[in-house]
Asks: 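Sharing a structure below in structure tokens format, with a few things to ask.
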Amino acid sequence: MSELYEERWSEGCRLLLKRRTLYRAQSRYQTIEIFDTEAFGRVFALDGIIMTSEFDEFIYHEMLVHPALQLVDTPRSVLIVGGGDGGAAREVLRYPSVERLELVEIDALVLEAAQRFLATGASLADPRVQLQVADGSAFVKGARGPYDAIIVDASDPIAFAEGLFSADFYRDCAALLSPGGVLVAQSESPLDPNFRHYPAQIRSCLAELFPQAHSYLATIPSYPYALWSFALGSARNPLELPAAAALPRGLRYYTAELHAAAFALPQFMR
Ligand code: SPD
């Protein structure tokens, strides 16, 4: 039997999807829902906000991971903060040089549900993946490192996830990177009235910590206002991809041309 999923984007603006619910649970942290829709395929939502949809998760996860990993000569050790659905992990594991991928997710029930219901969850069983159930902002204070890349795949900056958007958190992450290491974070939509200050705020936090700090964009139709931003801190200029950079196999979205295009910002974000 189908029912309606209603996601409130802002006052007077909502996304409505016809859905068939497969899973609904209340964890210690949040309400977890997984349902099938005609428009977006299988959807995973936390507290009534879409985290991934089968329709466009490849755009989000490829654009979260590859612009950063393409800047590292031989990525061996990677940390993902959040990302319990496994989509970002799948992209990192495309690099055969990766020996160790730690993924720290606050909610054990998200890991369990992802492995049961989401195609992206299959990556979590890869032998190179070490799952940690912990609050990412506390984890990075005591983590061992060094990591060649840290990828922050957070939910929106609400309640317990707010810590993953703070200057202290980014500082702790930067301290765990190997020389030449990169940090990338999802940085919300520059068009969302509730969160549009985040792209500039996060980029300026990274500018305090890295020689290069840049925002870049991708279009994710299932996320509020569709235009999504990411913030990247690195030693290398991301607009000068190393000549030796080779794309991993199996990508559906990311290309070297798209990499360059994604860093071209609209006037209102410059
Ligand atoms: N507004 C939704 C933002 C969600 C960003 N991260 C989702 C996790 C996907 N792996």
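Numbering of ligands and ligand atoms starts at 1, following listing order.
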Asks: So, Y198 versus S229: side-chain donor-acceptor pair below 3.5 Å or not?
Replies: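 The answer is no; no qualifying pair exists.
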Asks: Do D85 and T52 have side-chain atoms, one donor and one acceptor, less than 3.5 Å apart?
Replies: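 Short answer, no.
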Asks: Distance only, no hydrogens: is a donor on one side chain within 3.5 Å (strictly under) of an acceptor on the other, for S53 and D56?
Replies: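 Yes.
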Asks: List every atom of ligand 1 that sits less than 4.0 Å from any heavy atom of Y223, numbering the atoms from 1 in the order shown and giving each element.
Replies: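 Matching atoms, with element in brackets: 4 (C), 5 (C), 6 (N), 7 (C), 9 (C).
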Asks: Hydrophobic clusters here meaning ILVMFWY residues chained together by side-chain heavy-atom distances under 4.5 Å, can you tell me if L176 and L69 are in one?
Replies: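 As far as the 4.5 Å side-chain criterion goes, L69 and L176 are not connected within one cluster.
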Asks: Select one of side chain, backbone, both or neither to describe which atoms of I49 lie under 4.0 Å from any atom of ligand 1, heavy atoms only.
Replies: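 Answer for I49: side chain.
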Asks: Nearest non-hydrogen atom to atom 2 (C) of ligand 1 belongs to which of I50, D192, L118?
Replies: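 Residue with the shortest heavy-atom distance to the ligand atom: I50.
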Asks: Quick check: does any side chain N or O of D172 sit under 3.5 Å from a backbone N or O of V140, one acting as donor and the other as acceptor?
Replies: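 No; judged by distance alone, with no hydrogens or angles, the pair does not exist.
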Asks: Return the closest protein heavy atom for atom 5 (C) of ligand 1 as residue, atom name and distance.
Replies: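 Answer for atom 5 (C) of ligand 1: A154 O, 3.1 Å.
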Asks: For H61, counting its heavy atoms only, list the atoms of ligand 1 lying under 4.0 Å from any of them.
Replies: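 By the 4.0 Å cutoff, the relevant atoms are 9 (C), 10 (N).
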Asks: So if I count the atoms of ligand 1 from 1 in the order they appear, which ones are less than 4.0 Å from some heavy atom of D153?
Replies: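 That gives atoms 6 (N), 7 (C), 8 (C), 9 (C), 10 (N) of ligand 1.
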Asks: Between Y95 and H66, is a ring pair (Phe, Tyr, Trp, His ring centres under 6.0 Å) present by the stated rule, with each step listed?
Replies: CA-CA 10 Å; Y95 292 79; H66 301 298; 5.6 Å; yes
Asks: Check each heavy atom of E188 against ligand 1 and say whether those closer than 4.0 Å belong to the side chain, the backbone, both or neither.
Replies: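 Within the 4.0 Å criterion, E188 makes no contact with ligand 1.
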Asks: Report the part of M51 in contact with ligand 1, treating N, CA, C, O as backbone and CB onward as side chain, heavy atoms under 4.0 Å; options are side chain, backbone, both, neither.
Replies: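 Under 4.0 Å from ligand 1, M51 contributes backbone and side-chain atoms.
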Asks: So, does E57 use its side chain to make a donor-acceptor pair with the main chain of G87 at under 3.5 Å?
Replies: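 Judged by distance alone, no pair lies under 3.5 Å.
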Asks: Just need the protein heavy atom nearest to atom 9 (C) of ligand 1, so name the residue and atom and give the distance.
Replies: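 Of the protein heavy atoms, D85 OD2, 3.1 Å lies nearest.
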Asks: Heavy-atom contacts with Q186 under 4.0 Å: which atoms of ligand 1 show up? List them by number with element.
Replies: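 Close to Q186: 5 (C).
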Asks: For atom 3 (C) of ligand 1, which protein heavy atom lies nearest, and how many Å away is it?
Replies: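 I find the closest protein heavy atom is D156 OD1, 3.4 Å.
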Asks: Tell me yes or no: between the side chains of D153 and Y60, is some donor less than 3.5 Å from an acceptor?
Replies: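 Judged by distance alone, the side chains do pair up.
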Asks: Answer side chain, backbone, both or neither: which part of W228 comes under 4.0 Å from ligand 1, heavy atoms only.
Replies: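 W228 to ligand 1: side-chain contact only, backbone stays beyond 4.0 Å.
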Asks: Hey, does the side chain of D156 reach the backbone of I158 with a donor-acceptor pair shorter than 3.5 angstrom?
Replies: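 Not at all, since once roles are kept as given, no pair shorter than 3.5 Å links the two residues.
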Asks: Just let me know how A88 lines up against ligand 1, side chain, backbone, both or neither, with a heavy-atom cut-off below 4.0 Å.
Replies: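 Near ligand 1, A88 shows nothing, with every heavy atom at 4.0 Å or more.
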